[in-house]
Amino acid sequence: MPTPLHRLPRLSDELGVDLWIKRDDLTGLALGGNKGRKLEYLIAEAVAAEAQVVVTCGAAQSNFVRQLGAACAMVGIRCAAVVMPLPYEPPAGKPEVPPLGRGGNLTLDALLGVELEVLPDGTWDELFEATHALAEKYRSQGLRVYEIPIGGSSPLGAYAFWEAAAEADGQAGAFDAVVVPTSSGSTHAGVAYYHQGTATRVVGIACDPEPELVEELARLAAGVDELTGLGKGMKPADFELKMDWVGPGYGVPSTKGNRAIERLARSEGILLDPVYSGKTFSGLLDLVETRELGGRVLFWHTGGVPTLFCRE
Ligand SMILES: *Cc1c(COP(=O)(O)O)cnc(C)c1O
């Protein structure tokens, strides 16, 4: 870091906007992605706490678990993760589709020595409970455990993205809009926190069918307030979260997302992922087409490329 930030000349011409990209697919840590920024702080805290094992959770194809595995390898801490192929929210229900399958991040987790506990599909709450239970099991064995919330979305994770937004600002000046994916929330929370009270609009494209996520975003921003002392006091209504591009559900590729991945690949030679950045880019394309977005626009590439290599 700093990761590159550059213009997308061919797509800008095609779309009639001034479109730029922040390359957080290039952060490093086992093929890169937005979790690298959060881990810079989270791993430092784990090392300071003299943790012997880090425990987290996610979907089986979690990019966070893969990058955490790389970070743990670098500092010599065991990495354990509880995963489900396709965890879901009870109101939305389980999508009627097969999950992403094997390969992808699972191949890399195995190489990195991540200790995976794979559970059958269930709700997110069931996944969180099983994760706390695993942490308890290690504690009862006398190990020092450092638990990390899903996706690294603690206030420290959001803090890393407050810094990232400042990094982008220093590279290319102000944008009319910044478009980011939102799932566990700290990417969106940190970037929106930085731009709060400025002319830059931050648009989060939801990758989970959960409109209540804005409450989590406000909680994370309150945590960043404590870390920075800036007292921004952001409310749920201060976050722009768009629900129209989730597709069939969390972790399930969408037709629009897949088309957007192809479009960026064929116009600029840059690869997106089917769970987050592809869906988000499809949202950006639609918003530009309907003139809801225009001028100088920054697309935040959060990585995720390994899931392009999933197989049945
Ligand atoms: C985790 C992830 C996101 C979502 O970021 P959050 O901070 O969890 O909201 C977006 N894109 C990719 C590739 C990810 O792995």
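None of the values given here were measured: they were computed from a predicted structure. Counting starts at 1 for both ligands and their atoms, following the listed order.
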Euclidean distance, Tyr276 OH relative to Ile205 CD1, rounded to 0.5 Å: 15.0 Å
Distance in Å, Tyr41 OH paired with Leu227 CG, rounded so as to fall on 0.5 Å steps: 10.0 Å
Verdict with reasoning, Gln171 to His6, per side-chain hydrogen bond (donor to acceptor under 3.5 Å, both in side chains): CA-CA 9 Å; Gln171 287 172 303; His6 61 84; over 6 Å; no
Identified salt bridge (Lys or Arg N to Asp or Glu O under 4.0 Å) counterpart of Arg263 within the set Glu14, Glu268, Glu289: Glu14
Pro181 near ligand 1 by a heavy-atom separation under 4.0 Å: yes
Gly33 near ligand 1 by a heavy-atom separation under 4.0 Å: no
Contact atoms of ligand 1, heavy-atom distance to [X] under 4.0 Å:
X	value
Thr182	9 (O)
Gly304	13 (C)
Thr187	5 (O), 6 (P), 7 (O)
Asn63	13 (C), 14 (C), 15 (O)
Gly303	13 (C)

If you have a sec, work out which protein heavy atom is nearest [atom] and how many Å separate them, to one decimal?
atom	value
atom 12 (C) of ligand 1	Tyr276 CD1, 3.2 Å
atom 1 (C) of ligand 1	Lys35 NZ, 1.5 Å
atom 8 (O) of ligand 1	Ser184 OG, 2.4 Å

Please confirm whether [X] comes within less than 3.5 Å of ligand 1 when only nitrogen or oxygen atoms on both sides are compared.
X	answer
Thr302	yes
Gly185	yes
Lys38	yes
Ser183	yes

Considering residues, nucleotides and ligands other than [X], do more than 12 of their heavy atoms fall under 6.0 Å from its [atom1]?
X	atom1	answer
Glu96	CD	no
Arg201	CZ	yes
Glu292	CD	yes

Closest to atom 3 (C) of ligand 1 among Asp24, Val180, Asn34 (heavy-atom distance): Asn34
Candidate pair Asp24 and Thr302, rule side-chain hydrogen bond (donor to acceptor under 3.5 Å, both in side chains), full reasoning: CA-CA 5 Å; Asp24 271 4; Thr302 47; over 6 Å; no
Lys NZ or Arg CZ of Lys232 over Tyr193 ring: under 6.0 Å, within 45°: yes
Under 3.5 Å: donor-acceptor pair, side chain of Thr200, backbone of Phe175: yes
